[in-house]
There are 2 protein chains.
Amino acid sequence: MNKLQYTRENLADTLRRHGINPTHQRIEIAHALFSRQAHLSADQVMAIVNEKHSETSKATVYNTLNLFRQKKLVREVIVDPSKVFYDPNMEPHYHIYNLESGELTDIDASSVRISGLPQLPGGVVAEGMDVVIRVRPESDNNS
Amino acid sequence: MNKLQYTRENLADTLRRHGINPTHQRIEIAHALFSRQAHLSADQVMAIVNEKHSETSKATVYNTLNLFRQKKLVREVIVDPSKVFYDPNMEPHYHIYNLESGELTDIDASSVRISGLPQLPGGVVAEGMDVVIRVRPESDNNS
DNA sequence: GATGAAAATTAGACAGAGTCCAATTCCTAC
DNA sequence: GTAGGAATTGGACTCTGTCTAATTTTCATC
């Protein structure tokens, strides 16, 4: 848990703390993700941010999401072959992915125990581990 | 272990056993994947199959890979946001993904123990679990 | 407040993966 | 060999994401 209230002021502080210059567009994009605490695609972020008036270009949305990821403010979730999701939850956690609806649900990692993973090959260092349980509605044979 | 020799004849049998009509193109695509036992993208399959003479169209490569996946002859591996990999290894296993080189390595699942996973939400059934360890070369701060 | 340089944003062209569709070719059973 | 269903094809198309050159914003300094 980071901040209980995702006001623009608090978000600007959060951006600064992550070494990100808090511009208007960046704050709005952060607000879209953090106030919802949801997994959003670039598309969805774009739609939310430009809901009222067109404020932010496609290039800025992509630039900003990549910047957030580099600065470890959000996490990329790669489960859908056609688009990347951005996840504002940086606590260790895993995902359940509904293949039918595209819905993505968190699994808290603190209760999950994983053992017996092999030694990593030399010269590389782990950056993270993703666990995804793919589910589909009962008695559904598609795709 | 399925077949030690991935001859065209054996592959045709394998296709039939999975309810797939073994056409020339399908056998060649299966051969590309199984004889190499490698993780290949649609692009790479396309290149291999058309190496000598142009034999197979892009549409057929995509159709066939999707058919193979539906018939559970190969597995889809979603780790790279820009392309899907197809994996002829259907034994339970996980992956190490090198973010720098794009290289994908298998982890045998039999030694890995995962406990404490939560109950699935009602009405859905698990189709599989993917575990991916993302690694990058030591002292490398990129991306 | 004016000024100028660096940082951020923009529109739109572009690239690459994957899908779609109507037309053709290939098999198989007769 | 013929009819008919299955498979394949080229090419247009869509969609996500990147790139670029031009413009706007920001901000420190005067």
Side-chain angles (χ1 to χ4, degrees), chain A residues 8 11-12 15-16 18-32 39-50 53-71 73-74 76-87 99 102 104 142-143, chain B residues 8 11-12 15-16 18-32 39-50 53-71 73-74 76-87 99 102 104 142-143:
Chain A
R8 265 87 180 164
L11 286 168
L15 294 186
R16 269 186 222 98
H18 282 80
I20 299 166
N21 196 354
T23 65
H24 175 61
Q25 285 88 338
R26 287 169 179 176
I27 290 171
E28 287 308 310
I29 290 171
H31 188 258
H39 310 87
L40 300 178
S41 65
D43 246 48
Q44 293 174 305
V45 169
M46 178 94 178
I48 291 167
V49 164
N50 291 324
H53 341 279
S54 177
E55 301 190 73
T56 307
S57 70
K58 187 168 66 145
T60 298
V61 170
Y62 279 97
N63 286 345
T64 301
L65 289 171
N66 277 319
L67 178 66
F68 283 6
R69 191 211 51 212
Q70 270 168 46
K71 298 294 190 177
L73 187 62
V74 304
E76 239 179 32
V77 185
I78 300 169
V79 287
D80 183 316
S82 75
K83 59 170 66 102
V84 172
F85 288 99
Y86 292 89
D87 184 349
L99 290 158
L104 204 48
N142 306 13
S143 206
Chain B
R8 265 89 181 161
L11 286 169
L15 294 187
R16 269 185 222 101
H18 281 79
I20 299 166
N21 196 355
T23 65
H24 175 62
Q25 284 88 337
R26 287 169 179 176
I27 291 172
E28 287 307 312
I29 290 171
H31 187 258
H39 310 88
L40 300 178
S41 65
D43 247 48
Q44 293 174 304
V45 169
M46 178 95 179
I48 291 168
V49 164
N50 292 323
H53 341 279
S54 178
E55 301 192 73
T56 307
S57 69
K58 186 167 66 144
T60 298
V61 170
Y62 279 98
N63 287 345
T64 300
L65 290 171
N66 278 320
L67 179 66
F68 284 5
R69 191 210 52 213
Q70 271 169 44
K71 299 294 191 177
L73 187 62
V74 304
E76 236 179 33
V77 185
I78 300 170
V79 287
D80 183 315
S82 77
K83 59 169 65 104
V84 172
F85 288 99
Y86 293 89
D87 183 349
L99 291 158
L104 204 50
N142 305 13
S143 207

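If you're wondering where the values come from, they're calculated on a predicted model, not measured in any experiment. The chains referred to below are lettered A, B, ... by the order of the sequence lines, with proteins before strands, and numbering in each begins at 1.
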Expressed in angstrom and rounded to an integer, what is the separation of [X] atom [atom1] from [N] atom [atom2]?
| X | N | atom1 | atom2 | result |
| --- | --- | --- | --- | --- |
| A:Gln70 | D:dT18 | CD | P | 11 Å |
| B:Arg69 | C:dT19 | CZ | P | 9 Å |
| B:Leu65 | C:dT19 | CG | P | 10 Å |
| A:Met46 | C:dG12 | CE | P | 12 Å |
| A:Gln44 | D:dG17 | CD | P | 11 Å |
| A:Leu40 | D:dT16 | CG | C1' | 16 Å |
| B:Asp80 | D:dT16 | CG | P | 17 Å |

Open item on the list: Checking side-chain polar atoms at under 3.5 Å, does B:Gln44 have a donor or acceptor matched by the opposite partner on B:His39?
Closed with: no
Open item on the list: Ignoring hydrogens and geometry beyond distance, is a side-chain donor-acceptor pair present between A:Asp80 and A:Ser82 at under 3.5 Å?
Closed with: yes
TODO: Could you pull out the closest heavy-atom pair between A:Val61 and A:Ile29, with the gap in Å?
DONE: CA-CD1, 3.9 Å
Task: Shortest non-hydrogen contact from A:Ala32 toward A:Leu40 - done: O-CD1, 3.9 Å
Under 3.5 Å: donor-acceptor pair, side chain of [X], backbone of [Y]:
| X | Y | value |
| --- | --- | --- |
| B:Asp87 | B:Val77 | no |
| A:Thr64 | A:Thr60 | yes |
| B:Asn21 | B:Arg16 | no |
| B:Glu28 | B:Gln25 | no |

Between protein and nucleic acid, restricted to nucleotides 7-9 of chain C and to nitrogen or oxygen atoms under 3.5 Å apart, what atom pairs and distances do you find?
residue : atom : partner : partner atom : Å
C:dA8   : OP1  : A:Arg26 : NH1          : 3.1
C:dT9   : OP1  : A:Thr23 : OG1          : 2.5
C:dT9   : OP1  : A:Gln25 : OE1          : 3.3
C:dT9   : O3'  : A:Gln25 : NE2          : 2.9

- [ ] Apply the test side-chain contact (heavy atoms from CB on, under 4.5 Å) to residues B:Leu67 and B:Asn63: give CA-CA distance (whole Å), side-chain angles for both, the deciding distance (0.1 Å), then the verdict.
- [x] CA-CA 6 Å; B:Leu67 179 66; B:Asn63 287 345; over 6 Å; no
Open item on the list: Any non-hydrogen side-chain atom of B:Leu104 less than 4.5 Å from a side-chain atom of B:Phe85?
Closed with: yes
- [ ] Indicate yes or no: at least one non-hydrogen side-chain atom of A:Ile20 is less than 4.5 angstrom from one of A:Arg26.
- [x] yes
Just the table, please: protein N/O against nucleotides 15-18 of chain C N/O, every pair under 3.5 Å.
residue : atom : partner : partner atom : Å
C:dG18  : OP1  : B:Val84 : N            : 3.2
C:dG18  : OP2  : B:Tyr62 : OH           : 3.0
C:dG18  : N7   : B:Lys58 : NZ           : 3.2
C:dG18  : O6   : B:Lys58 : NZ           : 2.8

Task: the helix from C:dG1-D:dC30 to C:dC30-D:dG1: angle between end helix axes, five pairs per end, rounded to 10 degrees - done: 20°
